[in-house]
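Contents: one structure, followed by commentary.
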Amino acid sequence: MGLEFWLLDITYTVARDSPEVVMYGITRSGERVTVVDGSFRPYFYVLGEVDPSTAQRALSKAAPIEGVEVVERRYFGRPTRALRVVARRPPDVRELREVARSLPGAVDVLEADIRFYMRYMIDTGVLPSTWNVVEVDEGGRAKAPPTPLGDYRIPRDLRVMAFDIEVYNPRGSPDPSQDPIITIAVATNAGHREVFVADGKRDRDAIRRFVEFVRSFDPDVVLGYNSNGFDWPYLAERARKLGVRLDVSRSGTPPEQSVYGHWSIVGRANFDVFNVVDEIPEIKVKTLDRVAEYFGVMRREERTMVPPHKIHEYWDDPSRRDVLIRYAMDDAVSTLLLGEKMLPFAVQLSAVTGLPLDQVFAASVGARVEWLLMRYAHALGELAPNREERPYESYKGAMVLEPRPGIHLDVAVLDFTSMYPNLMIKYNVSPDTYLEPWEDAEDVNVAPEVGHRFRRSPQGFFPQVLTSLIELRRETKERLRHLDPHSTEYLLLDERQRALKLMANAMYGYSGWIGARWYKREVAETVTAYARRTMADVIRFAQSIGLDVIYGDTDSLFVRNIPEKVDSLVRYVEENHGIEIKLEKVYRRVLFTEAKKRYAGLLEDGRIDIVGFEVVRGDWCELAKEVQLRVIEIILGSDSPREAAERVTKYVRGVIDDLKRGRIQLDDLIIWKTLDKDPREYKVLTPHLHAANLLRRAGYRVGKGTMVGYVIVRGGEKVTYRAKPYILVQSLDEVDVDYYVERQIIPAAMRIAAIIGVTEGDLRGQGTRKSILDYL
DNA sequence: GCAATCCACGTACCG
DNA sequence: ACCGGTACGTGGATTGCG
C-alpha cells in the first residue's frame, strides 16, 4: 500500500553531496508528512556534434557528474540527437553549463536553467496541489518517485492562517532599520483571533510571540495581503536587525525571498491574496477594505479604519490605540475570508500549470503558460528552447468593425467559441510546424495576408497542448454533469475547468510575447490573420443572405436578429470553417455611437450591458458615471426618443443644479488614475501625477502602481495644477464645480444623449425645450 | 494674431 | 514581463486664415 498525500510544498536539500527532494504533504487521514526522494539527479542537454568521452572528461574536471549519454529528442519538431549531462548536485549545473557551452562541437546548451524541484516534478509527473501516491520505507523515504492520482480535491481540514502587520511610520514610509512593528494580527480558519502588540516601541517580544504562534498552530497555508511586497520583507529585516529568529517554516528556517518576487516558507504555502486581486480588472481600487467589500466578506461600514499615514498617531494616543488594534484585526480577518474564497481556484490553477500553490499567482501569466508547456514538452520528448533577449516586433491584430451609430432593435450577438485556440489547432499553427521562407515542403497551410507557411502534419506542439487542454476541460465538464452543483467537489471541478480554459486562451498571447521560450511572431501573426479572414468571410456571408451587420470585434458579430438567417449563418460557419459560432445573446435594443469598442444594450430579461463607455471606466468620477448610466437606462428603456430626450434633459439639468448648489458628496467627484510609472519617469505633468506629488509632500508613499484619487479644485491655472488628492481636500467649497459640469457630467451624458438629438445647450438649460421638440 | 487642428503622452478599456 | 486595437483627456506645437 502506498502513501497517498496531497502535495503542499516542495523543496530540496543537498545532503552528503547529493540532492534530496523534500515534499511536504497531507495524507488522507490528515497527517502532515514529509516525503524524501534522494533518487533524482539534475541534468541538462548539449546540442551539436559533441564527443561523449571528451565531454565526460572536460565536465568532470569542473564538477562531479553522474555521466553523459547520447539521447534522441526533438527540437522544434525535428528529431535531434543531444548529449544529456547528468550532474550530481544542483548548484554545480551553473558551472557545468558554462563548460558544456565551450565543448568542441557544442552548438547550444538546453534546459540548464530549470530549478531542481521543478525538474523533478516535470520528470516524475508529480503534480502540486493534487493527490500523489508513493511507496516509502520506515524512515519516510520514497522508494520510487510518487505517481499523480488525478484527484483534484482539496484535503479536508487544511489549516489556514492569515496575518497582517502594522508599522510605526511617523515619516510616511517606514524603515525597518528603525521603525518597529507595532501590531501583528492573526486570524485562523480554526476561529483563532489574536493581535500581538509591541511594548511601546519595542517589538522584539511581539515578533517572538508571533513566531511561537505560527509554530504551534502549524498552518498549511499562510495568507497575507501584499505580504510578498511588504509584511514578509519587513518582518525579515526587522527580525534580522533585532536578532530574533523568524523560524516559522516546517524545517525551522526563516521565510526566504524566492522566484517571481514571492516569499517562500518551507513546508507551507505562503499565499499573497493581493497577487490574485491584482489580476481582477473589475476591481479598480485594490485596498484591502475595498476588496473585502467587493467580495462581500466585510462591509466597510462595519469595520474599523485607520488612515495609513496616521497609524503612528493612533499608536501614540492611548485613547485610540485600541482602534488601531481593531483595525489590524479586521485586516487579518478580511484577508482570511478573501483567501478562503480564492484558494479553490488557486489550487486548480496550481494543478493545471504544475506551479506550486505559493508561486502560481505570484508568477506572471507568461510564466504559468511556460511551465505548462514545459510539462507537455517533456512528455512529448520535445526540448525546451532557452529564454533569450529579443527586440520587440509589432504585428497586426484583430479586426474591429466600424459600428453603425444609433439605436438598433432586436440584435443578435454571435461569438466564435475559443476562436484563437481553435484556429491554432485547425491550421496547425505552432513554432515547430512553421517553415522558414527558404524551406521546401508540401502539404502546408499558407496564412492569408502574411503568407507564413505551416506543415499540416504531424500535429504541432501548441495544437497538441491545446487539444489536450480542451479535451481535459470537456472531461471535467462531463463529470460536473453528474455532481450536485452545491457540493464541494462540484465547486472544485468547476474551478478546474475555468483554469483549463484560462490557460488555453493564454496560449496565443504567449506566442507573441517576446519573453517566451517558444516565442514566434509568425505564429501570433498567423493566428490573427486567420481570425481576420474568418471574420471577413462570415461578414460577407451574412450580408449575402441579407443579414445586416451592425458591429463586430475580433470574434464577435452583431447582426439583426432574424432567427432563420442567424441559424443559417451558424450552420454556414460550422460547415465551411469547421469552428463553432454561438448565438450568445439578443439585445432588445442596443445603442452605438461612432466609436468602436463602446456600446450599451438592453437584454431580453431587462438587464443592461454597458461596454467601453465612461460608466465602466475607473477614471471618471462616480457622479458622471451615474449620470451616464441613468441616461443609458432612460434611452434604452423608452420607446419614444422624443420622450427620452425630455426625460434625459430634465434629469441632467437636475444633477447639474444639485452640483451647483453643493448637494453632492465629495466622494462622487473623485477621479482615480494609476501611476503606471515611477513618478520621476514622466515626460509630461498630468493631473494624477500632480496629485501624486502633493500626496508625497503630505507624507504619503506614492510610486509606480499607486492609485491616485483626486478632485479638480478652483483656481485660474490649468486642470493639471488643480488636481488635488481628495484626502487633502477640506471642504466641498474648494471644488471647481464648472469643471465637473463641463468636463465630466456634460461629456458623459452627451456621449449617449447626442444619439437622440439632445444638445449641450439643452443640458445646460440654455436651449429651450421647444428646440428639442423642433429637432425631433 | 488667433482659433482650429494636430500630435505626443498617458490611462483604461475590448476581445 | 501574454497580445494588438481603440477611445479620449490634457496640453503644447503647428497650421491655416485673413
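Convention: sequence-line order gives letters A, B, ...; per-chain numbering from 1.
Close to C/dT10, at under 4.0 Å from its OP1 or OP2, lies no side-chain N or O of A/Y682. Listed pair A/K718 / C/dG12 meets the phosphate criterion, a side-chain N or O lying under 4.0 Å from OP1 or OP2. Between A/Y392 and C/dG4, a side-chain N or O to OP1/OP2 separation shorter than 4.0 Å is present. Contact between the side-chain N/O atoms of A/K683 and the OP1/OP2 oxygens of B/dC9 is found at a separation under 4.0 Å. Between A/K677 and B/dG10 there is a side-chain N or O to OP1 or OP2 distance below 4.0 Å. Between B/dC14 and A/T554, no contact under 4.0 Å exists linking OP1 or OP2 to a side-chain N or O. Under 4.0 angstrom from either OP1 or OP2 of B/dG10 there lies no side-chain N or O belonging to A/H688. Between A/R521 and C/dC2 there is no side-chain polar atom (N or O) within less than 4.0 angstrom of OP1 or OP2. Of the side-chain N and O atoms in A/R743, one or more sit less than 4.0 angstrom from OP1 or OP2 of C/dT10.
Between A/Y530 and A/Y427, the ring-plane angle classifies as parallel under the 30° and 60° cut-offs. Ring-plane geometry between A/F461 and A/W518 is classed as tilted, the angle between the planes lying from 30 to 60 degrees on a 0 to 90 degree scale. Ring geometry for A/F592 against A/Y551 counts as tilted: the plane angle lies between 30° and 60°, on a 0 to 90° scale.
Atom CG in A/D676 sits about 10 Å away from atom P in B/dG10, given to the nearest Å. In this structure, A/W620 atom CH2 and B/dG10 atom C1' are separated by 15 Å, rounded to whole Å. Rounded to a whole Å, the CD atom of A/E525 is 12 Å from the C1' atom of C/dG4. For the pair A/K596 NZ and C/dG4 P, the interatomic distance rounds to 17 Å; values are reported in whole Å. The distance from atom CZ of A/R368 to atom P of C/dA1 is 11 Å, rounded to the nearest whole Å. In this structure, CZ of A/R680 is placed 19 Å from C1' of B/dG10, rounded to the nearest angstrom. Counting to the nearest Å, the P atom of C/dC2 and the CE atom of A/M424 are 16 Å from each other. Going from atom NZ of A/K625 over to atom P of C/dC8 covers 16 Å, rounded to whole Å.
At the heavy-atom level, A/G515 lies nowhere under 4.0 Å from the strands shown. Across all strands shown, A/V527 has no heavy atoms under 4.0 Å from either base or sugar-phosphate atoms. Looking at heavy-atom distances under 4.0 Å, A/W518 makes no contact with the nucleic acid at all. If you check every strand for non-hydrogen atoms under 4.0 Å, A/R722 touches nothing. Among the protein residues, A/G397 comes within range of the sugar-phosphate backbone only, with heavy atoms under 4.0 Å from sugar or phosphate atoms but none that close to a base. Residue contacts for A/A506: at a heavy-atom cut-off of 4.0 Å it reaches a base atom on one of the strands shown.
Here B/dT11 is the nucleotide among C/dC2, B/dT11, B/dG10 with the atom lying nearest to any side-chain atom of A/T674. Comparing B/dT11, C/dG11, C/dC8 by their closest approach to the side chain of A/T720 singles out C/dG11. Residue A/V684 places its side chain closer to B/dC9 than to any other of B/dC9, B/dA12, B/dG15. In the set B/dC9, C/dC8, C/dA1, the nucleotide with an atom closest to the side chain of A/R598 is C/dC8. Comparing C/dG11, C/dA1, B/dG15 by their closest approach to the side chain of A/Y599 singles out B/dG15. For A/A595, whose side chain is taken as the heavy atoms from C-beta onward, the closest listed nucleotide among C/dC3, C/dC8, C/dT10 is C/dC8. Checking C/dA1, B/dG15, C/dG9 against every side-chain atom of A/Y739, the shortest atom distance belongs to C/dG9. Among the nucleotides B/dA12, C/dT10, C/dT6, the one closest to the side chain of A/K597 is C/dT6. With C/dA7, C/dT10, B/dC9 as the candidates, the nucleotide lying closest to the side chain of A/R617 is C/dA7. Candidate nucleotides C/dA1, B/dG15, B/dA12 were compared by shortest atom distance to the side chain of A/S364, and C/dA1 ranks first.
Heavy atoms of other residues, nucleotides or ligands lying less than 6.0 angstrom from NZ of A/K677 number more than 12.
When the nearest nucleotides of DNA chain C are assigned to A/V400 and A/W513 by heavy-atom distance, the more 5′-ward of the two goes with A/W513.
Of the listed residues (A/K724, A/R714, A/R722), just one forms a salt bridge (charged side-chain N to carboxylate O under 4.0 Å, His left out) with A/E734, and that residue is A/K724.
Within the 6.0 Å centre-distance limit, the rings of A/Y726 and A/W672 are counted as a close aromatic pair. Taking the six-membered ring for Trp and the full ring otherwise, A/H690 and A/Y721 have centroids separated by under 6.0 Å.
Scanning both residues, A/L502 and A/L349, for their nearest heavy atoms gives CD2-CD1, 4.2 Å.
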